[in-house]
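This report refers to the structure that appears directly beneath it.
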Amino acid sequence: METKQRNAHATSEPHRIEKLYIENTLLRISGALFCHDRKRASSRTEEIKLNSSVSEKTIVIRPDPKLGQPGQLAHKIFIALIKKHSDYGRPIRHEVSFTKRELGRLIGRKEWGGRDSEQLSHALLEIHYTFIKAHFKKSDGRHVEHSFNIFPEIVLERREFASDPIEACTITLAEPIIASLQDEHFTCLNHALMMQLGTIGQALYMRLFFHFANLYDGRRRKILSFEKRYDDICNEWLGGLTILKHKSKIIGEQLGQHLDQLLQAGFLSSHGVKKAKSGDGLVVNFRPGAAFFEDYERFYRRRHQAELQWEFHEDRRKISEPLKVAYLFAEKRTGRPVDATGFVPTKDVETAKLLLATLGFDEMSSFFDYALAETKKTNFDVQTLGGIKQYLPGYLAFRERRASNKAQEDARKLREQEEARRAAYEHFRRRAAKDIFDTLPDHDKAVIDGLAETYAASFGGALRGTMAEVGRIRFTIERYGARLKTFE
DNA sequence: ACCGTCGCACGACTTGTTAG
DNA sequence: CTAACAAGTCGTGCGACGGT
């Protein structure tokens with residue numbers, strides 16, 4: 001069913017499905033963040049600083065001292081998450097959810113064994129624990145420095161124990177990235193093309209597309225080219241890949257095959273390595289190919305993101321909300337939030353789904369408060385969400401009572417308000433009538449006084465004077481009522 | 001140019017689950 | 001209780017990178 005829908009979507013609008021939107025600063029960060037050198041990635045822990053000469057382009061990356069720099073697998077996961085996030089479309093969401101199988105497909109693994117789960121959580125934590133300091137362009141053109149993690153929050157579901165594999169996951173994206181996406185600072189990439197490449201090829205493609213798109217004026221295709229120092233490419237685009245000395249090695253064993261892949265895909269029309277004009281080091285030059293111009297025309301003519309909201313809502317209902325409910329329960333039960341390495345068991349997430357069938361997401365907090373208060377009464381030491389389920393009928397009744405009490409209360413208040421307003425109006429009317437009476441010519445006053453006297457004649461004593469007063473107002477209103485404002 | 005190292009992916013085997 | 005299928009575990013080969 002689900003795959004059927006997906007395929008239907010893919011065939012009806014293939015060009016939409018293969019787009020990938022990435023925020024521009026994030027694109028630059030990702031070049032330095034992910035180390036494509038598999039041997040050194042986990043041991044690189046020192047601070048990485050880029051473009052320290054131009055202050056608003058400076059990027060500082062501080063990898064976790066224990067985990068080191070995020071590696072190739074982390075890069076694949078990152079791309080998969082960004083792809084999923086961009087498929088959510090607008091309005092831009094703060095979180096991305098996925099099941100492990102879905103992610104397995106997205107990073108191109110045919111099977112997903114037990115160890116793969118650990119690799120996944122390890123890679124996610126590598127990104128989570130890496131601090132970034134970068135400048136974001138505001139809508140008014142100013143640059144503001146932000147210090148953040150790309151994934152400030154990671155929520156995991158495991159079967160039962162901490163050693164069990166991951167079932168599902170929700171990840172929050174950093175606030176400055178979301179804000180910048182909202183300001184339309186993003187680059188659109190061809191995801192289908194990226195999936196054919198290795199991670200080095202992907203990183204090169206992302207940066208080259210970004211630069212080509214900035215340089216291209218829509219006309220002079222032939223002369224469009226881009227040059228960059230080889231050592232800078234290693235550091236700024238490929239996260240500290242070893243800088244080799246000889247051109248033959250670079251082409252033959254390091255970058256060559258990845259560049260050739262880009263050439264084959266038609267993204268590049270040519271590339272070359274030559275000696276830098278300054279004398280030391282090497283410079284790589286790139287020329288875009290037909291595939292670049294095609295994608296450029298396609299993406300930038302109408303560059304608004306696809307509105308695939310159903311997918312987001314689906315994920316939120318199936319993955320993110322149950323996970324959050326389970327986390328909320330753990331937090332309420334223990335009195336402290338679950339930390340980054342924590343998780344919630346599948347059973348709780350399943351129970352959360354059941355609860356969500358009856359209660360709204362917003363109601364969970366108040367339900368837990370009610371249920372936990374109930375457990376205290378009988379000294380029931382709840383461990384899982386399953387233990388809470390029995391309080392659901394009680395809570396529903398409690399909610400009903402509270403709602404009907406509130407409805408009664410509201411109705412009473414409304415009645416009182418109405419009465420007060422009527423009283424105020426009556427008071428106002430009387431005063432107004434009296435004012436009208438006072439301004440009347442003596443002749444008219446006498447007529448009304450006469451009517452009032454007759455009206456009050458049947459009363460005796462002190463009441464007679466009061467009734468005469470009431471009568472005076474009544475007859476004034478009867479005769480001159482048009483001069484009064486009506487109720488409302 | 002060649003070989004050692006390391007992380008990753010894959011497939012074969014094992015364990016778990018559920019329906020009949 | 002067991003068969004059938006799905007999911008998890010483990011070992012191993014591969015390929016990329018870097019040192020010699």
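What you see is a predicted model; the values in this text were computed from it and never measured. Values below: every heavy atom of this structure, side chains too, minus hydrogens, waters and symmetry copies. Note on naming: letters A, B, ... go to the chains in the order of the sequence lines (proteins, then strands), and numbering restarts at 1 for each one.
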Exercise. Are A/F293 and A/Y216 an aromatic pair by the rule of ring centers under 6.0 Å?
Worked result: yes

For this session: Could you state the atom-to-atom distance from CG of A/L73 to P of B/dC10 in whole Å?
Result: 12 Å

Problem set entry | Residue list, ring pair (Phe, Tyr, Trp, His ring centres under 6.0 Å) with A/F136, at least two apart or on another chain | A/H146, A/F148

For this session: Provide, to the nearest angstrom, the distance between the CD1 atom belonging to A/I200 and the P atom belonging to B/dC8.
Result: 13 Å

Exercise. Rounded to whole angstrom units, what separation is found between the CG atom of A/L238 and the P atom of C/dG18?
Worked result: 11 Å

Exercise. To the nearest Å, how far apart are A/Q202 CD and C/dA16 P?
Worked result: 15 Å

For this session: Round to the nearest Å and state the distance from A/L255 atom CG to C/dC17 atom P.
Result: 8 Å

Exercise. Once you round it to whole Å, what is the distance between C1' of C/dA16 and NE2 of A/H36?
Worked result: 14 Å

Problem set entry | d(CD1, A/I77; P, B/dC8) in whole Å | 9 Å

What donor-acceptor contacts under 3.5 angstrom involve side-chain atoms of residues 170-179 of chain A, with partners at least two apart or in another chain?
from, atom 1, to, atom 2, distance (Å)
A/T170, OG1, A/S97, OG, 3.0
A/E175, OE1, A/H94, NE2, 3.3

Problem set entry | Rounded distance (Å) that lies between atom P of B/dC6 and atom CD of A/Q72 | 16 Å

Exercise. Thinking salt bridges, do A/E236 and A/R28 make one under a 4.0 Å N-O criterion?
Worked result: no

